[in-house]
Protein chains: 2
Amino acid sequence: MATIKENSTIQENKQYALQQCPVTHVMEKIGGYWKPIIIYYLSTGDKRYSELKRAIPVITEKVLIQHLKQLEADGLIIREARPVVPPYVTYKLSYAGNGLLPVIHAMADWAFKDLDGRFNQV
Amino acid sequence: MATIKENSTIQENKQYALQQCPVTHVMEKIGGYWKPIIIYYLSTGDKRYSELKRAIPVITEKVLIQHLKQLEADGLIIREARPVVPPYVTYKLSYAGNGLLPVIHAMADWAFKDLDGRFNQV
DNA sequence: ACAAGTACTTACCCTAAAGTATGTATTATG
DNA sequence: CATAATACATACTTTAGGGTAAGTACTTGT
């Protein structure tokens, strides 16, 4: 799991940003290229690990797992493993994870308006 | 200005993420530790460059300018320079930049709930 | 003549995060 | 007996972006 240097300036500044800005707090949790996409896929229901992998083909397994673990550690998703062979593991949004959907939707709204050029007036 | 390798896998994947996910589109524009903070400060009205610098003391000038230029290039903020000496430059949110405020607020809402532990009930 | 203030610019370094490649355990199936 | 499938793990490399430090142009104040 990602080795992070404790005392780098970059970490200190992150702390500052976290305290100053709730938005940064959210970014910490859903930042990175893939996390929002994972959350989006999970918003339509439970998904198996392999389903996610197939749904987002260009993501590598290392990064997918890494993000899933982080999302789980942050309490945004819940992992359920059935003790069978071959393994059967599903992921779903937690209560907090579901709480992020309005954020996701607000972002999507803005993105679509932006892409449509609806902000180009003035 | 940031030199970006044209053909890296990381850039190709970014493209993929951008197409698949409007959220990533937004992240492209307001990602990075400082951009949301800058937008937040500008949400209360025009600010001079030096005001921003003083308001966010730990940010370095290089990074502040860099972000301001990117935000301007992305059409989120508007730069106004009066031809006087010493220079007098102000930044303000554009129409599109103002459109981001609901996103910022949705994020802030979630962050405060999360920090309050209001998501901890299952 | 020299420092101070504004709004930058530039060259170089370091770190976090993404990517590459390969390996693991377990069981069913041909 | 070897292969396939699932859900990971791990060692190593590369890249984007943030940080450090110093410099620039122009004018006013002392």
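Numbers restart at 1 for each chain; the letters A, B, ... are given by sequence-line order, proteins then strands.
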Exercise. Let me know the distance between CD1 of A:I37 and C1' of C:dA18, rounded to the nearest Å.
Key: 14 Å

Self-check item: Atom-pair distance (CD on B:Q66; C1' on D:dG19), nearest Å
Solution: 10 Å

Quiz item: If you look at every heavy atom in B:R79 and B:V89, which pair is closest and at what distance?
Solution: CG-CG1, 3.7 Å

Quiz item: Are A:K35 and A:Q70 linked by a side-chain donor-acceptor pair shorter than 3.5 Å?
Solution: yes

Practice problem: Please determine which of A:I65, A:L68, A:T90 meets the side-chain contact (heavy atoms from CB on, under 4.5 Å) test together with A:L52. | Solution: A:L68

Practice problem: For B:L68 and D:dG17, give me the distance from atom CG to atom P, rounded to whole Å. | Solution: 16 Å

Quiz prompt | Out of C:dT9, D:dC8, D:dG19, whichever nucleotide has its closest atom nearest the side chain of A:K69 | solution = D:dC8

Practice problem: State, with a plain yes or no, whether a side-chain heavy atom of A:D109 is found less than 4.5 Å away from one of B:V103. | Solution: no

Exercise. Report the distance from atom OH of B:Y88 to atom P of D:dA25, rounded to the nearest whole Å.
Key: 25 Å

Practice problem: Just compare C:dA7, D:dG18, D:dT27 and give me whichever is closest to any side-chain atom of B:E61. | Solution: C:dA7

Self-check item: For atom NZ of A:K53 and atom C1' of D:dA7, their distance in whole Å
Solution: 8 Å

Self-check item: Nearest-angstrom distance from the residue atom CD1 of B:I56 to P of D:dG19
Solution: 12 Å

Exercise. Ignoring the backbone of B:V89, work out which of D:dA7, D:dG18, C:dA7 is nearest its side chain.
Key: C:dA7

Self-check item: Length of the line joining A:I65:CD1 and C:dA18:C1', which is rounded to integer Å
Solution: 16 Å

Practice problem: Check whether any side-chain N or O of B:S50 sits under 4.0 Å from OP1 or OP2 of C:dA7, and answer yes or no. | Solution: yes

Quiz item: Aromatic rings A:F119 and B:Y95: how do their planes relate, parallel, tilted or perpendicular, breaks at 30° and 60°?
Solution: perpendicular

Practice problem: Specify the separation, in whole Å, of atom CE of B:M27 and atom C1' of D:dA16. | Solution: 17 Å

Practice problem: Identify, between A:P86 and A:G31, the residue whose nearest nucleotide on DNA chain C lies closer to the 5' end. | Solution: A:G31

Quiz item: Counting only side-chain N and O atoms of A:R48, is one of them less than 4.0 Å from OP1 or OP2 of D:dA7?
Solution: yes

Exercise. Select base, sugar-phosphate, or nothing to describe what B:T9 touches, counting heavy atoms under 4.0 Å on all strands.
Key: sugar-phosphate

Quiz item: So, do A:H25 and B:W110 sit near enough that their side-chain heavy atoms are less than 4.5 Å apart?
Solution: yes

Practice problem: Kindly say if B:Q11 contacts the phosphate of D:dT15, meaning a side-chain N or O under 4.0 Å from OP1 or OP2. | Solution: no

Quiz item: Can you tell which of D:dG19, C:dG19, D:dA7 lies closest to the side chain of A:K62?
Solution: C:dG19

Practice problem: Examine D:dA7: is either OP1 or OP2 under 4.0 Å from a nitrogen or oxygen in the side chain of A:R82? Give yes or no. | Solution: no

Quiz item: Does B:Y91 put a side-chain nitrogen or oxygen below 4.0 Å from OP1 or OP2 of C:dC8?
Solution: yes

Quiz prompt | Given D:dA7, C:dG19, D:dG18, the nucleotide with the shortest approach to the side chain of A:P87 | solution = D:dA7

Quiz prompt | Proximity to the side chain of A:H67 - top-ranked nucleotide from D:dA7, C:dT26, C:dA18 | solution = C:dA18

Quiz item: When the nearest nucleotide of DNA chain D is assigned to B:I59 and to A:R54 on a heavy-atom basis, which residue is associated with the more 5' position?
Solution: A:R54

